[in-house]
Amino acid sequence: RAKLLAPYVPQTQAPASASSSSSSKFHRARSGGARDERYRSDIHTEAVQAALAKHKEQKMALPMPTKRRSTFVQSPADACTPPDTSSASEDEGSLRRQAALSAALHQSLQNAESWINRSIQGSSTSSSASSTLSHGEGKGTSGSLADVFANTRIENFSVPPDVTATTSSSSARPATKSFPPGVPVSSRVSTKIQQLLNTLKRPKRPPLKEFFVDDFEEIVEVPQPDPNQPKPEGRQMTPVKGEPLGVVCNWPPALEAALQRWGTTQAKCPCLTALDVTGKPVYTLTYGKLWSRSLKLAYTLLNKLGTKNEPVLKPGDRVALVYPNNDPVMFMVAFYGCLLAEVIPVPIEVPLTRKDAGGQQIGFLLGSCGIALALTTEVCLKGLPKTQNGEIVQFKGWPRLKWVVTDSKYLSKSPKDWQPNISAAGTEPAYIEYKTSKEGSVMGVTVSRIAMLSHCQALSQACNYSEGETIVNVLDFKKDAGLWHGILTNVMNKLHTISVPYSVMKTCPLSWVQRVHTHKAKVALVKCRDLHWAMMAHRDQRDVSLSSLRMLIVTDGANPWSVSSCDAFLSLFQSHGLKPEAICPCATSPEAMTIAIRRPGVPGAPLPGRAILSMNGLSFGVIRVNTEDKNSALTVQDVGHVMPGGMMCIVKPDGPPQLCKTDEIGEICVSSRAGGMMYYGLAGLTKNTFEVIPVNSAGSPVGDVPFVRSGLLGFVGPGSLVFVVGKMDGLLTVSGRRHNADDIVATGLAVESIKTVYRGRADGMTVTFSLHLVLYNVGICLTVSMGVYCLALVPANTLPKTPLGGIHISQTKQHFLEGSLHPCNILMCPHTCVTNLPKPRQKQPGVGPASVMVGNLVAGKRIAQASGRDLGQLEDNDLVKKHQFLTEVLQWRAQATPDHPLFLLLNAKGTTVCTATCLQLHKKAERIASVLCDKGHLNAGDNVVLLYPPGIELITAFYGCLYAGCIPVTVRPPHAQSLTATLPTVRMIVEVSKAACILTTQTLMRLLKSREAAAAVDVKTWPTIIDTDDLPRKRLSQIYKPPTSEMLAYLDFSVSTTGMLTGVKMSHAAVSGLCRAIKLQCELYSSRQIAICLDPYCGLGFVLWCLCSVYSGHQSILIPPMELESNLFLWLSTVSQYKIRDTFCSYSVMELCTKGLGNQVEMLKSRGINLSCVRTCVVVAEERPRVSLTHSFSKLFKDIGLSSRAVSTTFGSRVNVAICLQGTSGPDPTTVYVDLKSLRHDRVRLVERGAPQSLLLSESGKILPGVKVVIVNPETKGPLGDSHLGEIWVNSPHTASGYYTIYDNETLQADHFNTRLSFGDAAQTLWARTGYLGFVRRTELTAASGERHDALYVVGALDETLELRGLRYHPIDIETSVSRTHRSILCGCEQEALDLVPLVTNVVLEEHYLIVGVVVVVDPGVIPINSRGEKQRMHLRDSFLADQLDPIYVAYNM
């Protein structure tokens, strides 16, 4: 016996397995019983983590992905020391618990034999990394310890535990490892974890609330503030004033006046030099040319674009300036032309493609500024993307623009008497500078003429510009410091600017240094990047001199990495004459313009000091000098003093603009005439940013001068020096502490290993290692309570860029979130970052079924139960009274209506290949019965396996068995192409059902005995195989009649969604009852035709295919589902051709038609297919209805007449194959939206459509006549109210009689098939447990009986649910969320696999509050599905653990 059982007995960890799903409902005693709450991991996950953190060793090992193992599946090498019982628990209850555990284990071992049905080929029960708690319906207590380990994250594993060692890769399971009886479970657990558990104290139980009150509010654990955190101690700061703005006698009243002056008096002076691609000067614009060309442009704009009466432009209108970065001359002319014409220029980037990075937001800016005209150069216009007929394309999100070319030859010379209107500068707008926020939205900062002038004056004074100086500008001349110095202040002081475009910098990074050397420039405007590039290319140029520079203005001096760039540049170029005091960092922002700039120093004077700040202090917004190790320090350099004529204060970054204390970090605000005046067209944002009045700690305003928020974070240090430590846009607040994105970038760049990766010279292996290193180093450097959520490595130059080569951050973020970043390596560590998961739900102990019932009555809720029509009142013809058995009905039909066709089988072409009338079926069945008696020497009651393709042969063989008194077992035949996968299942059913004989066709008989079959199974031990292709014409002496209707009619073997193979026994009484219920529900009689496109091997599919027609006399048109693969139209065209009113199909058939024919509806019409005849189209399933699929099917085929009310589903389970079926009368199926959060608490709360976290559920058809349903708490077995989710229990005449096992396990039979409610049922009805969770809801509709209709909604299989943190999750909900995340799921290519990892992790976290541990990406088609199209999730998990999936990518989220 042991030998026979060895391959099929599951490994004994199943009952205590951490995986809810792996222990099948049919093979797990479902006794109630209190669970010990102390060992519930969902209560303790946080505590365990805290304890682990405490016990962590000082030396940090590299974080490696860990996989979790089930308690029992431990390799023998693991330590098996028994736990120290003295420390196991404080109370003597622990001893009782130990005894219970050992008893449970002992009993589970003895019952192992009865779990034969658990076995299914290739499956292994090791617990998966992501599976979780079982249901605790009293798996004894043996599960509770396992639960703890299933959910505890073990943080200091340095090696991933081997999960493959315990799983079997052969087709059958390995024999069980025998444990000595009575060994407590805990000894299988590593002692380390055991000790850890022992340290956990008993949690305080919350007061028992009224248990029927719904707990919808998610309780989030709020991190308590650290009592030791540093707090600011200084006094409140006072605003800091800059030096007064000196009145210089020759400063002009307006900038245009300066241009007029130099253009007329100093016409030959150079104003701007442009370079060609190689970096050589190509054109110099003089002040005279600038003046004359600007005048021509101003005149043209105002007078030549429209007619005299209807000019296109009026003063005050906004105009877009679209000029490439290598053409500063044309831009400068256009900018001053606009100023002279009093129209407002809005400089923007040149759009390169229709969908440029950030282009849509630029379009929003143009629209909000009301821009209809764009100025550009002829060359630029030619380069813009065009449509076929030569027009410029309509850029995404842009308004319609008129393009005007400003090249000189297209401009009209102004008449002698025309003069531009140059008034003294006032508050009217001069130009609009665009600014991109961190979300990627673009706003226009409006600068007034007076602000433009004052800013130029302040810059001239601060930088000490003098007439005729040469400056080199590497920055973008369209905005920010590049515009302010190179275009505006330039003209004010008659400077000569040499503009070095980005395109030149890319090919020759040293070009700006060479320009300084050649032109003996006094000032250079650069960014840190330019310093960095010049250092990289330094070897090329030995003989450059930077001794002429009195100012090297570093415009991003506010970045944390600017210090090191400046230092490195100085150390390299000091030998080339660069003076240390010439380095002048400055801080700027589009709103406040220049905030502060370091003045050029005096030679020999000491250089300004650095601030070495504690990162820990900064994260609390406090300035503390760092005294700890260098890793946690931030060194910042000052950005000089406040601008002349300005005033600065520091306010708190959030809440009202309260002044900070002197040792506190805040947002820098500036008040001066030189600053932006508003965001164009955004009044609300403007008030918040440009009109800030600071308040003191009491909340009263300090003075009445409005300040402008700069968006920079910093403080004013000793000597009124300004220090900037970050940007408001880069602020990240984590657990109440503030961090700056720039610091993280700086930290990342400082990691050695990054440099290899950065230069793109690392192969895949190094990269993975580098990722670990980077993570480790970044982790250390960010010792400030901050985890890295995701680290992605992308190939060089693949990130979206801004026009001047920076990384387009908002666009990168968008690519990341939509899964189009395509990283080449990714590492996610969500466990360390997510600190605000909802608290685990603690189940209230001691609430029995009686109090639940009372609670429901108090709350006015009815007990959830429903029933179909009463069979007693339904008159049927005398068929039922006369014939008790299906065999008698067939004989009666063969005499009464011998030529009435019962079955019609179609092939892929839609032609009839075989029919069977009543008489033909009867005759053939007799011949098969005589063969069984003669050849097979079978006795009544022997089991016979029927191995046939879907067709009429299967039906005749079935009735042949009944005629001979044998018990048929229908089995899906093995697939010739994949024998190794399909034959073991056949073999297993043959063995488990103890079949005495196999009936099959000649082809299949040859296949069973073939050499290929011998490679998969032992072919010598098949029972007798009889082929029924050519039968002798021999009559049966007498047809067998069972002595009672309780005798077995057939066995129904099927694989459940949890991958369990179970056989159930169907008696003759159940068969007749089932056929009668279906006949009444669907109103079937002999003149009707139905079309069936289902697999005929188990469940309702088999009943409809083989039994119903014989009972009701209707004609069944049989369509084998596999024929649809070669002809998708087959099913629908058959329904249309035969004008079928009722048709049955499976989800896989419906999905095939939806995907394959969805876009061919017109073709269906042209073929004359019309579905208006269909009254019911029923999907046969044992799962939650797939609403989206049925809806799409109805919508798609509405155009060919399918009624939206026709499509419905059935619901059946192993214990009862047909509980619900829509039928013809009665109300239409209803749908409801339920709240997913409540569902996790086993509560049902209806919400409106479109509510967040809502789930659409559809009723599973109407309950069949004679069927009663009640919703029960699976743990207490007490009835529930209709607002609760519970297990569906069923009572009906056609419930199966029990499981078919070799050694009957009576307790399991009783628990699943004949169980009673623990309370509230005086009649002591016997119920069968379906193993599905659902709820009943009373609707407003009227049922056939005239009462209000009760709808049954199925939510999912109890065995598949995951219990995590005390909440119940259904895999299908998580899968639905995941499948929505990316278009490539189900149909993508391998390159996109890595994009999915963060998306999947994000969506499961956002929608379900769960942290994904492992993400496995496999090829389409790897996920095993059963014949009904349902996923076999357990198989999938087991194949992954046994390393049989060949995944594309496995990500271990650490």
Side-chain angles (χ1 to χ4, degrees), residues 886 890 902-908 912-916 920-929 931-932 935-936 938 942-964 966-979 982-983 985-990 993 995-1010 1013 1022-1031 1049-1055 1063 1066 1092-1110 1116-1123 1146 1427:
L886 214 48
L890 179 55
L902 285 179
F903 298 102
L904 220 82
L905 179 71
L906 303 182
N907 66 4
T912 308
V913 282
C914 183
T915 58
Q920 285 168 339
L921 187 60
H922 167 67
K923 283 272 171 59
K924 194 142 189 224
E926 277 192 318
R927 280 153 64 192
I928 287 176
V931 166
L932 279 173
K935 263 199 199 172
L938 298 186
D942 282 348
N943 296 347
V944 176
V945 163
L946 311 183
L947 210 58
Y948 289 94
I952 292 175
E953 290 171 306
L954 175 71
I955 303 169
T956 51
F958 178 81
Y959 287 102
C961 288
L962 293 190
Y963 277 9
C966 298
I967 295 166
V969 182
T970 49
V971 179
R972 169 192 305 280
H975 200 288
Q977 268 72 52
S978 54
L979 271 182
T982 52
L983 198 58
T985 313
V986 176
R987 174 83 211 182
M988 198 165 11
I989 298 177
V990 169
S993 65
C997 163
I998 298 175
L999 285 184
T1000 183
T1001 63
Q1002 273 177 6
T1003 328
L1004 281 168
M1005 182 168 164
R1006 280 199 294 277
L1007 186 64
L1008 290 183
K1009 295 183 170 175
S1010 67
W1022 287 119
T1024 319
I1025 302 178
I1026 301 174
D1027 81 82
T1028 55
D1029 284 1
D1030 26 334
L1031 295 165
Y1050 70 95
L1051 293 179
D1052 183 333
F1053 271 90
S1054 150
V1055 177
M1066 290 293 284
I1092 301 170
C1093 190
L1094 284 169
D1095 270 330
Y1097 299 108
C1098 60
L1100 189 54
F1102 167 74
V1103 174
L1104 290 164
W1105 190 280
C1106 294
L1107 311 181
C1108 288
S1109 276
V1110 171
S1116 293
I1117 296 169
L1118 308 175
I1119 307 165
M1122 56 192 183
E1123 302 290 5
S1146 64
S1427 57

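Here CD of Glu926 is found 13.0 Å from OG1 of Thr956. Values are rounded to the nearest 0.5 Å. Rounded to the nearest 0.5 angstrom, Phe903 CZ and Ile1092 CD1 are separated by 7.5 Å. Residue Asp1095 holds its CG atom at 4.0 Å from CZ of Arg972, rounded to the nearest 0.5 Å. How far CG of Leu938 is from CG of Asn943: 10.0 Å, rounded to the nearest 0.5 Å. A distance of 4.5 Å separates NZ in Lys1009 from CD1 in Ile1025, rounded to the nearest 0.5 Å. Remark: Leu921 CG to Leu890 CG distance equals 5.0 Å, nearest 0.5 Å.
Checking Pro1096, Pro950, Cys1093 one by one against Pro1120, the side chain to side chain contact (heavy atoms under 4.5 Å, CB included) holds for a single residue, Pro950. When the options Phe958, Tyr959, Tyr1097 are evaluated for a ring pair (Phe, Tyr, Trp, His ring centres under 6.0 Å) with Tyr1050, the one that passes is Phe958.
Leu954 is listed as a side-chain neighbour of Cys1106, based on a closest heavy-atom distance under 4.5 Å. At a threshold of 4.5 Å between non-hydrogen side-chain atoms, the residues Pro1023 and Ile998 count as touching.
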Under the criterion side chain to side chain contact (heavy atoms under 4.5 Å, CB included), I'd like the reasoning laid out for Thr1028 against Lys924: C-alpha separation, chi angles, the key distance, then a yes or no. CA-CA 10 Å; Thr1028 55; Lys924 194 142 189 224; over 6 Å; no
Val986/Val945 under side chain to side chain contact (heavy atoms under 4.5 Å, CB included): CA gap, chis, key distance, verdict: CA-CA 9 Å; Val986 176; Val945 163; 5.6 Å; no
For side chain to side chain contact (heavy atoms under 4.5 Å, CB included), just list the numbers for Leu1118 and Ile955, CA-CA rounded to whole Å, side-chain angles, deciding distance to a tenth of an Å, and then say yes or no. CA-CA 11 Å; Leu1118 308 175; Ile955 303 169; 3.8 Å; yes
Begin with the C-alpha distance, continue with both residues' side-chain angles, and end with the deciding distance and a verdict on side chain to side chain contact (heavy atoms under 4.5 Å, CB included) for Ser993 and Val971. CA-CA 11 Å; Ser993 65; Val971 179; over 6 Å; no
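A donor-acceptor pair under 3.5 Å is formed between the side chain of Asp1027 and the backbone N or O of Asp1029. No donor-acceptor pair under 3.5 Å is formed between the side chain of Thr912 and the backbone N or O of Leu904.
If you check the side chains of Tyr963 and His922, you find a donor sitting under 3.5 Å from an acceptor.
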